[in-house]
Amino acid sequence: MDQPGKITKDSNGELIVPDHVIIPFIEGDGTGPDIWRATQDVIDGAVSTAYDGERKIFWHELFVGEKGFKKNGQWLSEEALNEIREHMVAIKGPLTTPVGEGIRSLNVTIRQKLDLFACIRPVRYIDPVPSPMKHPQKINMVIFRENTEDVYAGIEYASGSEEVKKVSAFLKDQMGANLPDNAGIGIKPISPQNTKRLVAKAIEYAIENDCPSVTLMHKGNIMKFTEGAFRNWGYEVAIEQFRDRVITEDELYDTHDGNLPEGKIVIKDRIADMLFQQVLLRPDEFHVIATPNLNGDYISDALAAQIGGLGMAPGANVSNDCAVFEATHGTAPKYAGLDKVNPSSLILSGAMMLDHLGWKVAAALVRSSLQTAVKSGKVTYDLARQIDGAKEVTCSAFGRAIVGHMK
Ligand code: NAP
């Protein structure tokens, strides 16, 4: 048997993934261990079935969160972060935010320390999960949300503070701003370099996955120099880096009569409020959405609701150097250790991870088997209470059922 090895990169920056690959995982807190066990079984089952035992993941545990604190007194050690950097790919369960430890959130800290600038959230309907939409099967989008700036940069000054008085005086006296007395102030930075790397990632994804459009979502009619600039820089990077693969929506109508030429991706933009309407009314017109942080926060959860809720929504946070795949919900502490909750969010994040490794047959097998398991009507409590005639099974039984459908 080949020795298990780490992922490396070739001179073009493409991943080289050994057949026996070491992947770090963080089990997570609360319900994390339950959903992680089910996820590991499903991923291992899919890899083994898809590649007849030729490929295998060697899981390497990183102690982060409560387990890290118990083992080595650290919620998130530099060593764990270095392991993720070194292995380039990791997967994690949800982590508790330690109260009173001066940490805003472990998840945010991981994103910031590793500069995981793109939060990727695919939103795809899994039949027959109950949905408020008439035609939920028309929803198949991937959101690229900027992770490092906009309101996420956390530059805020509280009403009445010494800091806000200074900022307010500067804005009023030197910039001529008209501010109400005692206003709290938040600062929203959006930069060309961070916008361009995010939009470039979204376009690369669209190219690799044959998506017909990338939509820049913004509120540039009101916030011209942040959100409006995001739109402009988005178009700029599309033309600068991908001219042979993209056309703008203006070009589509001016020179192609609205018919997308073979092999091209249309780059369009929509004002945020308009996009919220259009993803309800005409969801099949949108494929990849690239957006600053706050819009991305809103649209990811709104779209997840359209396909039946956050419990089924996978996610990843990525940089150009590494990728961390994660469940999008929290630790659901009241269900910890009960073997009860739905592992689908982490399992589908695992499928995204397999795609990222280039192990696409295994990724497809995870998705199709999960869908078959849901269709069979034996599902975890959250889905059982929504699907007529469904029978509730445990988290681990649901995982085993998914593996069973791979045969
Ligand atoms: P939460 O853990 O997401 O749980 C809220 C509710 O969502 C649960 O009570 C449950 O609803 C439902 N839910 C969550 N996960 C589920 C699953 N796997 N299957 C079925 N239903 C599920 O949110 P929270 O209670 O606000 O946060 C708890 C902790 O998680 C906090 O410490 C927070 O900081 C942390 N958190 C971590 C992450 C992350 O690691 N990425 C994200 C968010 C929050 P019902 O009870 O109605 O069934």
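Atoms within a ligand are numbered from 1 in the order they appear, just like the ligands themselves. The first residue of the sequence shown is numbered 1, and numbering continues consecutively from there.
In this structure, atom 5 (C) of ligand 1 has no protein heavy-atom contact shorter than 4.0 Å. Under the 4.0 angstrom criterion, atom 48 (O) of ligand 1 counts as having a protein heavy-atom contact. Distances from atom 26 (O) of ligand 1 to the protein include no heavy-atom value under 4.0 Å.
Checked against a 6.0 Å centroid threshold, the rings of F58 and H20 count as neighbours.
Residue M312 holds its CE atom at 10.5 Å from NE2 of H329, rounded to the nearest 0.5 Å. Rounding to the nearest 0.5 Å gives a distance of 10.5 Å between NZ of K219 and NZ of K224. Rounding to the nearest 0.5 Å places CD of E61 at 9.5 Å from CD1 of I26. Note that CZ of R367 and CG of L354 are 8.5 Å apart. Values are rounded to the nearest 0.5 Å.
Within the 4.0 Å heavy-atom cutoff, R385 counts among the residues contacting ligand 1. K92 counts as a contact of ligand 1, since one of its heavy atoms falls under 4.0 Å from the ligand. Ligand 1 is approached by L95 to a heavy-atom distance shorter than 4.0 Å.
Residue T328 places no N or O, backbone or side chain, under 3.5 Å from any N or O of ligand 1. No N or O atom of P333 sits closer than 3.5 Å to an N or O atom of ligand 1. Taking only nitrogen or oxygen atoms, main chain and side chain alike, P94 does not reach within less than 3.5 Å of ligand 1. At least one N or O atom of Y381, backbone or side chain, sits closer than 3.5 Å to an N or O atom of ligand 1.
The side chain to side chain contact (heavy atoms under 4.5 Å, CB included) test with Y335 is passed by exactly one of I35, D382, V341, D34: V341. Of the candidates L275, V123, V142, N295, L275 is the only one forming a side chain to side chain contact (heavy atoms under 4.5 Å, CB included) with I289. Partner of H356 under the side chain to side chain contact (heavy atoms under 4.5 Å, CB included) criterion, chosen from V89, I7, V318: V89.
Here the heavy atom of the protein found nearest to atom 19 (N) of ligand 1 is N342 N, 3.0 Å. When hydrogens are left out, the protein atom nearest atom 36 (N) of ligand 1 is G330 CA, 3.4 Å; that is the closest non-hydrogen contact. Among protein heavy atoms, the minimum distance from atom 9 (O) of ligand 1 is reached at K334 CE, 3.5 Å. Scanning the protein for heavy atoms near atom 46 (O) of ligand 1, the closest one is Y335 OH, 2.7 Å. The closest protein non-hydrogen atom to atom 39 (C) of ligand 1 is N107 ND2, 3.0 Å.
The pair E162-K165 meets the salt-bridge criterion, since a charged nitrogen lies less than 4.0 angstrom from a carboxylate oxygen. Taking a cutoff of 4.0 Å between a charged side-chain nitrogen and a carboxylate oxygen, E249 and R270 qualify as a salt bridge.
Contact annotation for T97 and ligand 1: heavy atoms of both the backbone and the side chain come within less than 4.0 Å of the ligand. Residue contacts with ligand 1 for D382 involve side-chain atoms from C-beta outward but no N, CA, C or O (heavy atoms, distance under 4.0 Å).
Remark: among candidates V108, I110, T331, V341, the nearest residue to atom 29 (C) of ligand 1 is T331, based on non-hydrogen atoms. Looking at A327, G315, C395, A332, it is A332 that brings a heavy atom closest to atom 2 (O) of ligand 1.
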Item to check | Check against side chain to side chain contact (heavy atoms under 4.5 Å, CB included), V324 and I91 | outcome: CA-CA 5 Å; V324 179; I91 182 164; over 6 Å; no
Next on the checklist: side chain to side chain contact (heavy atoms under 4.5 Å, CB included) for H87 and I23? Distances and angles first, verdict last.
Outcome noted: CA-CA 7 Å; H87 289 84; I23 306 252; over 6 Å; no
